[in-house]
Amino acid sequence: MLRTSVLRLLGRPGTSGVSLLEYSSPRHYSSGPLGAPDDGRGARAFFTTPIFYVNAAPHIGHLYSALLADALCRHRRLQVPSAAATRFSTGTDEHGLKIQQAAAAAGLAPTELCDRVSAQFQQLFREAGISSTDFIRTTEARHRIAVQHFWGLLKARGLLYKGLYEGWYCSSEECFLPEARVTRQPGSSGDSCPVSLESGHPVSWTKEENYIFRLSQFREPLQRWLRGDPQAITPEPFHRAVLEWLEEELPDLSVSRKSSHLHWGIPVPGDDSQTIYVWLDALVNYLTVIGYPNAEFKSWWPTTSHIIGKDILKFHAIYWPALLLGAGMSPPHRIYVHSHWTVCGQKMSKSLGNVVDPRTCLDRYTVDGFRYFLLRQGVPNWDCDYYDEKVVKLLDSELADALGGLLNRCTAKRINPSGTYPVFCTTCFPSEPGLVGPSVRAQAEDYALVNAVATLPAQVADHYDNFQIYKALEAVSSCVRQTNGFVQRHAPWKLNWESPVDAPWLGTVLHVALECLRVFGTLLQPVTPNLADKLLSRLGVSATERGLGELYFLPRFYGHPCPFEGRRLGPETGLLFPRLDQSRAWLVKAHRT
Ligand code: MSP
């Protein structure tokens, strides 16, 4: 299937050099259900996280942004295993007034602060298993080249002009705010200080001659893009919110600051008295990492999925696509938006002293445990609350008891003394439900289980496509519960390997449960890569048998040979995920203090 849509941006006389800009959507290829998905990207996919400010150490919200992107990317790699088909970038946003001021407050040169905090992000992401293929720092030379080239294009297309710009500037949010988004708060000396209504951060009145981008020209093209591609921004409420914003007037945007005020940034080409606006600088990182301005970037743009938090939606869904259209490029393929983590019901903030350190969490709950928690509990549509007991409860019940218990029940020596993947008996469990006969043992609920697990990979893929990773994990968890029910119902521990009547059914029960576990292990790889590796290794599944293309669930039931039957189970017999509530002295202690 090949679908092409064209969006035309007509330049207005006297305002810009853009006469006719064509936007064609990428080609849509169809393919098998679990191969390269027919999602408009062909086989290639490029995932990005926001680049993180280096004014403060990373917290769990930052890790969550990166984990969402990591899980999407890892899931994609399971569908299209070629390393050349996927790119995944993250990095640090190092310029701007916010960093300049944070460095000054810490008595450091900006480069020192950037090196220090960027290294913390890199270390955290390494430890958390973020499988990015590039880590960009906006202070790198390759980025300056990309930004200045991009600026040159906008200039050449008549989209930049110089003018007086004035308004409230919030350095914490790095943007101008309209009067309606500014309020007054009593300051330390009792006087009234203007602050951002949303974040509460101070704002200051700024009046400067700057370069200004003709953003106002792009209101209609942006509306056409979003109306023509209802999934461009996912989940849907955020798509709707952006269309609502676009109902209002879209003023032109200041895209530089006086260098005397902001020196920590990339100079405007040909005009050293001005520094490029940090958001324009930062957004171009998505092009820098794919080789822009060299032509190679074209094979990755616009097959891009940006993962972002809701607070930076306007920058990604309005400014960035407008800048891209202005430079003659297409908007990104997808913008996936997530909400925020609060802590014990409160916004996380340095001043409240409630910032949760992600490295402590990785230590306490293990890398896989904490990844699972954030992705299982994090719901993109609304804010989620963090507290320690919630992590312990979830991990103990879903990873230690349900999943670990299931594996243990089917592989323990006393129940599976041969330590092999047992044989499936088609007379005990015929593919046709409702058959009766002396050796038929399967019941209606068992067929329901087979059906649920058989359709699970496609269901999970749908949830990933819709950026509902928590729903994918919920679906896996529900199938784990169903499989435990299956084992419980047939109580294999009451069956006897020595009995010619019991043995084929006992083997079948274990075979079905192991096949379910193989599906769960495969599908959990994007979220809990180490735990999934342990699980699949224990089942004897080799590294080349772990992709979604190879995932043929219960082939013997469908009349095909099963490559696992009779295979030796892996040697590692330790607990899949030890319970946490035994070992949480730190939690009790933390509550007493
Ligand atoms: N530097 C800009 C992004 C530029 S991208 C071209 C920025 N940086 S940030 O460090 O403030 O935020 C990075 C990401 O972390 C954003 O997606 C933001 O939404 C996310 N989070 C920040 N606090 C968060 C929570 N409390 N919870 C979840 N995510 C949060 O914005």
Side-chain angles (χ1 to χ4, degrees), residues 47-70 89-99 102 113-114 117-118 120-121 124-125 130 134-139 143 146-147 150 170-175 196 198-199 201 238 265 276-289 304-321 323-324 332 335-350 352 354-358 361 373-375 377-386 467 470:
F47 297 92
T48 71
T49 74
I51 48 171
F52 300 90
Y53 285 131
V54 289
N55 61 310
H59 59 57
I60 58 166
H62 301 132
L63 178 61
Y64 178 59
S65 261
L67 278 177
L68 286 164
D70 185 56
S89 74
T90 186
T92 39
D93 190 353
E94 306 191 359
H95 289 137
L97 206 53
K98 184 182 175 102
I99 309 303
L113 178 70
C114 293
V117 182
S118 181
Q120 292 177 9
F121 274 98
L124 169 68
F125 290 171
I130 303 298
D134 200 343
F135 187 100
I136 183 172
R137 300 184 57 188
T138 52
T139 43
H143 182 61
V147 172
F150 191 84
C170 176
S171 63
S172 175
E173 294 170 35
E174 289 285 21
C175 65
S196 157
E198 245 159 63
S199 68
H201 288 120
F238 295 109
I276 295 177
Y277 175 41
V278 65
W279 266 103
L280 192 157
D281 169 340
L283 289 162
V284 173
N285 95 83
Y286 300 133
L287 296 176
T288 309
V289 292
T304 314
S305 299
H306 293 315
I307 289 81
I308 60 160
K310 62 180 184 179
D311 54 321
I312 53 176
L313 179 58
K314 180 182 67 191
F315 302 95
H316 283 81
I318 295 184
Y319 298 174
W320 181 224
L323 288 163
L324 285 163
I335 300 174
Y336 289 120
V337 191
H338 65 80
S339 299
H340 281 186
W341 281 92
T342 54
V343 175
C344 301
Q346 280 184 311
K347 192 178 158 152
M348 221 183 329
S349 89
K350 244 188 343 190
L352 287 174
N354 65 351
V355 174
V356 181
D357 173 10
C361 297
F373 170 78
L374 286 181
L375 293 172
Q377 291 286 315
V379 178
N381 297 49
W382 52 84
D383 288 353
C384 305
D385 197 34
Y386 177 90
F467 197 47
Y470 76 101

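Values below: every heavy atom of this structure, side chains too, minus hydrogens, waters and symmetry copies. Indexing begins at 1, ligand by ligand and atom by atom, following the structure's order.
A 4.5 Å side-chain heavy-atom check between P58 and Q120 finds at least one atom pair inside the cut-off. With a 4.5 Å cut-off on side-chain heavy atoms, D93 and E174 do not count as touching. At a threshold of 4.5 Å between non-hydrogen side-chain atoms, the residues T92 and V117 do not count as touching. Counting heavy atoms from C-beta on, the side chains of Y386 and Q377 never come closer than 4.5 Å. At a threshold of 4.5 Å between non-hydrogen side-chain atoms, the residues I51 and R137 do not count as touching. Between D311 and E198, every side-chain heavy-atom pair lies at or beyond the 4.5 Å cut-off.
For ligand 1, the atoms sitting less than 4.0 Å from at least one non-hydrogen atom of A282 are 6 (C), numbered in the order shown with element in parentheses. Per-residue contacts place S339 under 4.0 angstrom from the following atoms of ligand 1 (heavy atoms of the residue considered): 28 (C). Residue contact check: I312 has heavy atoms under 4.0 Å from atoms 16 (C), 17 (O), 31 (O) of ligand 1.
Nearest protein neighbour of atom 10 (O) of ligand 1, counting heavy atoms only, is Y53 N, 3.1 Å. Among all non-hydrogen protein atoms, the one lying nearest atom 28 (C) of ligand 1 is G61 CA, 3.4 Å. The nearest heavy-atom contact from the protein to atom 13 (C) of ligand 1 is F52 CD2, 3.5 Å. In terms of protein heavy-atom proximity, atom 20 (C) of ligand 1 is nearest to S65 OG, 3.8 Å. Protein heavy atom at the shortest distance from atom 15 (O) of ligand 1 is H62 CD2, 3.4 Å. Among protein heavy atoms, the minimum distance from atom 22 (C) of ligand 1 is reached at H59 CE1, 3.8 Å. I51 O, 3.2 Å is the protein heavy atom nearest to atom 3 (C) of ligand 1. Scanning the protein for heavy atoms near atom 18 (C) of ligand 1, the closest one is D311 OD1, 3.4 Å.
Aromatic ring centroids of H316 and Y286 lie under 6.0 Å apart.
Judged by distance alone, the side chain of N381 and the main-chain N or O of S339 form no donor-acceptor pair under 3.5 Å.
Contacts between Y286 and ligand 1, counted as non-hydrogen atom pairs separated by less than 4.0 Å, involve the side chain only. Contact annotation for H340 and ligand 1: heavy atoms of both the backbone and the side chain come within less than 4.0 Å of the ligand. The backbone and the side chain of P50 each have at least one atom closer than 4.0 Å to an atom of ligand 1 (non-hydrogen atoms only). Neither the backbone nor the side chain of K347 has a heavy atom within less than 4.0 Å of ligand 1.
Judged by the shortest distance from any of its heavy atoms, E174 lies outside the 4.0 Å radius around the atoms of ligand 1.
Taking the six-membered ring where tryptophan is involved, the planes of F125 and F52 are perpendicular, since the angle between them exceeds 60° and thus also 30°.
The CG atom of D281 sits 10.0 Å away from atom CD of E94, with the distance rounded to the nearest 0.5 Å.
With Y386, W320, W341, F315 as candidates, the residue nearest to atom 27 (N) of ligand 1 on a non-hydrogen basis is W341.
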